[in-house]
Amino acid sequence: PAARGDVLVVGGTGGRLKADPTWARESLSGSAWYLGRHRVQNGYTTISFRAYKDRYCIKYEGSTCPQLLDQLFSTEPTTGRRRVDLLSVGTLLLVRTDFPGRDLSSPPAGWRVAASTPRTVTWVRRTPAPGAAQPVWTSPGTSLVPRPGDERTVRFTVRRVPASGGRVVIAALAWPGFSTDVGTVGKPLDGYLLTVDLPPGAAGRTVTVRYSPPGWHLELVALGLALAGAVAWSGAAAVSR
């Protein structure tokens with residue numbers, strides 16, 4: 001209940017939920033997170049983004065290893081930012097039993113203990129984070145203003161960009177299928193974060209980064225043909241009968 005912004009669970013909860021259903025008062029597992037009101041990264045997935053999974057040891061059902069906590073507060077060398085900031089996570093839910101002998105009552109700078117029970121400890125940012133699918137870093141000399149987007153687009157207006165161009169990092173996994181109407185989609189930061197390389201003349205322009213699954217237009221055509229075939233088959237069956 002104390003969570004604010006996007007949530008990341010550090011520790012394993014699936015086995016504990018099976019052994020003791022009352023755990024569900026504090027933590028869920030896998031696809032059950034979609035029933036709650038918070039956006040949680042520990043959902044169930046059949047296909048993981050390998051670099052993200054390996055970096056944060058997130059299993060298919062959302063459980064993580066306790067080493068994730070130190071990894072989150074480590075520094076990404078290109079940006080000099082903590083990885084938890086690049087992910088734009090606002091809340092960390094820590095499973096106590098996965099941290100034997102460790103003091104969880106003193107979180108790193110910028111965080112506070114929002115809740116503490118015999119089972120879990122909740123750390124929340126003192127200053128809210130923008131959340132997933134938002135710009136989280138720009139290269140030196142580049143600045144921008146975020147704009148409203150939707151479930152498949154990220155938008156921002158470029159205020160300044162150097163003569164050599166600039167780079168923007170977005171808190172999203174760099175799956176195939178992203179495109180941008182200004183500049184190009186660059187090499188993923190840290191192996192998994194979406195980046196956009198801006199050209200020198202991008203100042204003053206509003207950039208739209210859009211996601212469509214690879215082959216999306218072909219899939220829509222196939223869907224249309226399938227529906228048309230189903231209608232034709234049904235009509236033919238009715239007439240022949």
Side-chain angles (χ1 to χ4, degrees), residues 1-74 76 82-100 102 104 117 119-124 129 131-134 136 151-152 154 169-178 185 187-195 209 211-216 219:
R4 299 292 182 271
D6 291 0
V7 181
L8 187 57
V9 181
V10 183
T13 58
R16 293 178 173 88
L17 279 164
K18 292 178 182 179
D20 181 4
T22 62
W23 259 87
R25 298 170 184 168
E26 298 183 41
S27 178
L28 299 174
S29 180
S31 297
W33 282 116
Y34 297 126
L35 300 176
R37 61 187 177 90
H38 297 296
R39 299 206 311 179
V40 181
Q41 290 195 23
N42 306 69
Y44 173 83
T45 177
T46 55
I47 50 172
S48 298
F49 196 106
R50 179 177 294 176
Y52 170 78
K53 177 184 75 70
D54 291 346
R55 170 70 65 182
Y56 301 112
C57 61
I58 296 181
K59 300 178 182 178
Y60 74 95
E61 87 288 9
S63 294
T64 67
C65 61
Q67 290 79 12
L68 167 61
L69 187 59
D70 293 329
Q71 189 65 240
L72 287 171
F73 289 95
S74 65
E76 193 284 317
R82 298 184 302 187
R83 289 183 166 90
V84 70
D85 299 327
L86 293 172
L87 289 176
S88 203
V89 171
T91 296
L92 296 174
L93 181 65
L94 313 178
V95 179
R96 275 192 186 276
T97 52
D98 284 340
F99 297 92
R102 183 162 178 172
L104 301 178
T117 74
R119 292 170 172 164
T120 62
V121 177
T122 305
W123 289 357
V124 174
Q134 294 297 323
V136 290
E151 291 183 349
R152 290 177 57 190
V154 179
V169 176
I170 299 172
L173 294 179
W175 290 104
F178 278 103
V185 174
K187 182 180 179 181
L189 178 74
D190 216 16
Y192 60 92
L193 281 175
L194 178 66
T195 65
V209 182
Y211 177 77
S212 291
W216 180 242
E219 292 163 14

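Positions are given from 1 along the sequence.
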From CD (Glu26) to CZ (Arg96), nearest 0.5 Å: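 One finds 9.5 Å between CD of Glu26 and CZ of Arg96.
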Within residues 24-45 or reaching into it, pairs that qualify as ring-ring contact (aromatic ring centres under 6.0 Å, His included) - sequence neighbours excluded: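 Passing the test, one end in residues 24-45: Tyr44-Tyr60.
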Evaluation steps, side chain to side chain contact (heavy atoms under 4.5 Å, CB included), between Leu69 and Arg102: CA-CA 12 Å; Leu69 187 59; Arg102 183 162 178 172; 3.8 Å; yes
Would the distance check show the side chain of [X] and the main-chain N or O of [Y] forming a donor-acceptor pair, the cut-off being under 3.5 Å?
| X | Y | answer |
| --- | --- | --- |
| Asp98 | Gly12 | yes |
| Asp20 | Thr22 | yes |
| Thr13 | Leu28 | yes |
| Trp123 | Leu104 | yes |

Contact summary for Ala172 and Phe178, nearest pair of heavy atoms: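 Shortest heavy-atom contact: CB-CZ, 4.5 Å.
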Heavy-atom pair with the smallest gap, counting every atom of Glu61 and Ser29: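 Smallest heavy-atom distance, with atoms named: O-OG, 3.7 Å.
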Test side chain to side chain contact (heavy atoms under 4.5 Å, CB included) applied to Tyr56 and Arg83, step by step: CA-CA 10 Å; Tyr56 301 112; Arg83 289 183 166 90; 3.4 Å; yes
Verdict with supporting geometry, Tyr192 and Leu86, side chain to side chain contact (heavy atoms under 4.5 Å, CB included): CA-CA 11 Å; Tyr192 60 92; Leu86 293 172; 5.5 Å; no
Audit row: Arg119, Ser27, side chain to side chain donor-acceptor pair (under 3.5 Å) steps and yes/no: CA-CA 10 Å; Arg119 292 170 172 164; Ser27 178; over 6 Å; no
Residues in salt bridge (charged side-chain N to carboxylate O under 4.0 Å, His left out) contact with Arg152, at least two apart in sequence or another chain: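 Listed in chain order: nothing, the list is empty.
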Results of salt bridge (charged side-chain N to carboxylate O under 4.0 Å, His left out) for Arg4 - residues two or more places apart only: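 Here no residue qualifies.
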Reference residue Leu194; test side chain to side chain contact (heavy atoms under 4.5 Å, CB included); the match among Val209, Leu173, Leu189: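 It is Val209; the other options fail the test.
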Among Arg50, Gln71, Glu76, the one residue meeting side chain to side chain contact (heavy atoms under 4.5 Å, CB included) with Arg55: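 It is Gln71; the other options fail the test.
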Residues Thr64, Gln41; criterion side chain to side chain contact (heavy atoms under 4.5 Å, CB included); working and verdict: CA-CA 11 Å; Thr64 67; Gln41 290 195 23; over 6 Å; no
